[in-house]
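Structure first, commentary second.
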Amino acid sequence: MDNKRIVVALGRNAFGKTFPEQQQNVKKAAVAIADLVEAKYQVVITHSNGPQVGMIQTAMTEFARLDPDDRTVAPMSVCGAMSEGYIGYDLQNAIREELINRGIYKTVSTIITQVRVDPFDIAFSEPSKVIGRYMSKEEADAEEEKGNYVVEEEPGKFRRIIASPMPIDIYEIDAVKALLDADQVVIAAGGGGIPVLQQGSHLKGASAIIEKDYTAAKLAELVGAGTLLFLTAYDKLTIGKGTPEEKVFDTVSASDLHQYIKDGHFPAVTTFPKVDASIRFVTADKERKAVIANLEKAKEGLAGKTGTTITA
Ligand SMILES: Nc1ncnc2c1ncn2[C@@H]1O[C@H](COP(=O)(O)OP(=O)(O)O)[C@@H](O)[C@H]1O
Ligand SMILES: NC(=O)OP(=O)(O)O
């Protein structure tokens, strides 16, 4: 193996929706990561946070509502930071335990990671990530009064929808690299990282959630990883599912994927970010590969025995 560095992006299926569910589910991710560590990879893990950040935002909003004179609603960037801490906590403990059970003693740490976004990113005027609990029409109107966007998901049921800008840079990248150089396991840029706007020496949290697939590709580029591994609930990338034209990919090139995108495959809210992030990662350096595989078959996916391998 030439390049031992790998970024592993864990999807929502690695966590579940409740505190006990998450603690249980991360054990599967821990097995996948420990397999890679045993195979001598230097592993950086990043992950989804959609359901968790929604839960945290709902909780913090209710907390503020109990005493509106004294409490303010937590900014989305703070909710993102909380989600990094909470998910990282469960994940690092599960990985630590799995490694110790295999006789491997390595520190596993979570880095609260900030990611630079562009204040002029078009995403700020075209929000696309739905978050938080359902609101009534009155509550939705009040959110809009404050300058927030809302979407009517079902008749009379509103939710907040926020921007998902592209990641430009990762501020804590030197810390991630230092830990990798020390052969430690790192969890970084969870939930796409905390989006921030650079204002001189000040980093101002942005009201946004970055798509974790794009941040995973940025992280992989910045740490010099040879492989970007997306672990999801599915075995392989598929198009035309359930139709006579169904195609299941074992391997696929970036140029073929471009054509499939042009032909309208890969829905914007599901597979497109993963496919687009993979294309960006592999086309920048022909030695790189991206793999999309099932969380429970990570090792096999990496070996090309299952999953979909994307190359330039
Ligand atoms: N190989 C695949 N085939 C079809 N759909 C997929 C595949 N991988 C992911 N998806 C879709 O993309 C969504 C996002 O995937 P994943 O990264 O696992 O979770 P997250 O929602 O946290 O990004 C999934 O909910 C699923 O609908
Ligand atoms: N931040 C992010 O992309 O989270 P999800 O994958 O849960 O949508």
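Read the numbers this way: they start at 1 and go in the same order the structure lists the ligands and their atoms.
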request  = Tell me, yes or no, whether the heavy-atom count around Glu287 atom CD, taken from other residues, nucleotides or ligands under 6.0 Å, exceeds 12.
outcome  = no
**Q.** Lys129 to ligand 2, any heavy atom closer than 4.0 Å
**A.** yes
To atom 6 (O) of ligand 2, the nearest of Ser48, Gly192, Gly80, Gly11 on a heavy-atom basis is Ser48
Test of understanding: given a 4.0 Å heavy-atom threshold, classify the contact between [X] and ligand 2 as side chain, backbone, both, or neither.
| X | value |
| --- | --- |
| Asn49 | both |
| Glu211 | both |
| Ile210 | backbone |

Residue pairs passing the side chain to side chain donor-acceptor pair (under 3.5 Å) test with at least one member in residues 170-180, sequence neighbours excluded, are Gln114-Glu172, Tyr171-Gln198
Hits for side-chain hydrogen bond (donor to acceptor under 3.5 Å, both in side chains) against Arg96, two or more places apart or cross-chain, chain-then-number order -> none
Enumerated ligand 2 atoms positioned under 4.0 Å from heavy atoms of [X]:
| X | value |
| --- | --- |
| Gly191 | 1 (N) |
| Arg12 | 5 (P), 7 (O), 8 (O) |
| Ile209 | 1 (N) |

With Lys274 as partner, the option from Thr308, Asp213, Thr232 fulfilling side-chain hydrogen bond (donor to acceptor under 3.5 Å, both in side chains) is Asp213
- Task: Take the angle between the ring planes of Phe15 and His47 and call it parallel below 30°, perpendicular above 60°, tilted in between.
- Result: perpendicular
Here the gap from Phe230 atom CZ to Leu237 atom CG, rounded to the nearest 0.5 Å, amounts to 11.0 Å
| message | Polar contacts were defined as any N/O atom of the residue lying under 3.5 Å from an N/O atom of the ligand; does this apply to Gly50 and ligand 2? | response | yes
